[in-house]
Amino acid sequence: MASDPKVHVFEEVAKHNSTKDCWLIISGKVYDVTSFMDDHPGGDEVLLSATGKDATNDFEDVGHSDSAREMMDKYCIGKIDASTVPARRNYLPPPQAPYSHDKPPEFLIKVLQFLVPLLILGLAFAVRHFTKKE
């Protein structure tokens with residue numbers, strides 16, 4: 001990295017979100033990891049999922065080795081303008097369909113799939129036994 005690092009705005013960094021052009025924001029620095037995509041031990045999907053946001057927490061949660069941290073220097077292309085990074089969004093779970101009381105529970109269906117054939121078999125034996133002439 002040069003002695004006077006370039007300052008990138010978030011919108012510019014967020015555009016680089018493909019396997020052929022991938023930039024990450026980690027600890028206030030911008031990294032162009034495009035050439036590292038095929039070599040990343042976790043695969044390129046891990047890196048792509050960290051694009052378009054501050055990936056510092058994602059990076060720290062994994063617990064990278066010292067050698068991985070040293071390797072980052074060669075991919076650093078500048079710093080991020082912190083004022084352009086959007087505030088962290090809280091996770092909102094997707095809305096779930098309301099529970100329908102009209103729908104029978106799966107357990108009941110499985111029990112019936114087992115019991116109905118047994119009842120038919122029992123009925124067949126009963127009919128044969130009581131209609132048999134001696």
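Nothing here was measured: the structure is a model prediction, and the numbers come from that model. FYI, the numbering just counts along the sequence from 1. Worth knowing before you read on, the calculation uses all heavy atoms, side chains too, and leaves out hydrogens, waters and symmetry mates.
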Would a single hydrophobic cluster contain both [Y] and [X], if residues Ile, Leu, Val, Met, Phe, Trp and Tyr are joined by side-chain heavy-atom contacts under 4.5 Å?
X      : Y      : result
Trp23  : Val33  : no
Met37  : Met71  : yes
Leu47  : Phe59  : yes
Ile25  : Met72  : no
Ile109 : Leu118 : no

(request) Can you see which heavy atom on Cys22 is nearest to which on Thr34, and at what distance? (result) N-OG1, 2.8 Å

(message) Tell me the closest heavy-atom pair linking Ile77 and Lys6, and the distance in Å.
(response)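 Ile77 and Lys6 have their closest heavy atoms at O-CB, 4.2 Å.
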
Look up atom [atom1] in [X] and atom [atom2] in [Y], then write down how far apart they are to the nearest 0.5 Å.
X     : Y     : atom1 : atom2 : value
Lys53 : Phe10 : NZ    : CZ    : 10.0 Å
Ser49 : Asp44 : OG    : CG    : 10.0 Å
Asp73 : Lys29 : CG    : NZ    : 6.5 Å
Glu45 : His40 : CD    : NE2   : 10.5 Å

(message) Quick check against the 3.5 Å criterion: does Ser27 have a side-chain atom that pairs as donor or acceptor with the backbone of Thr56?
(response)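 Answer holds: no.
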
Do [X] and [Y] come close enough that some side-chain heavy atom pair is under 4.5 Å?
X     : Y     : value
His16 : Asp32 : no
Glu12 : Val30 : no
Val7  : Ile80 : no

(message) Can you tell me how the ring of Phe36 sits relative to the ring of Tyr75, calling it parallel under 30°, perpendicular over 60° and tilted otherwise?
(response)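 Rings of Phe36 and Tyr75: tilted, as their planes differ by 30° to 60°.
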
(request) Verify the neighbour count for atom CG of Asp61: are there more than 12 heavy atoms of other residues, nucleotides or ligands below 6.0 Å? (result) yes

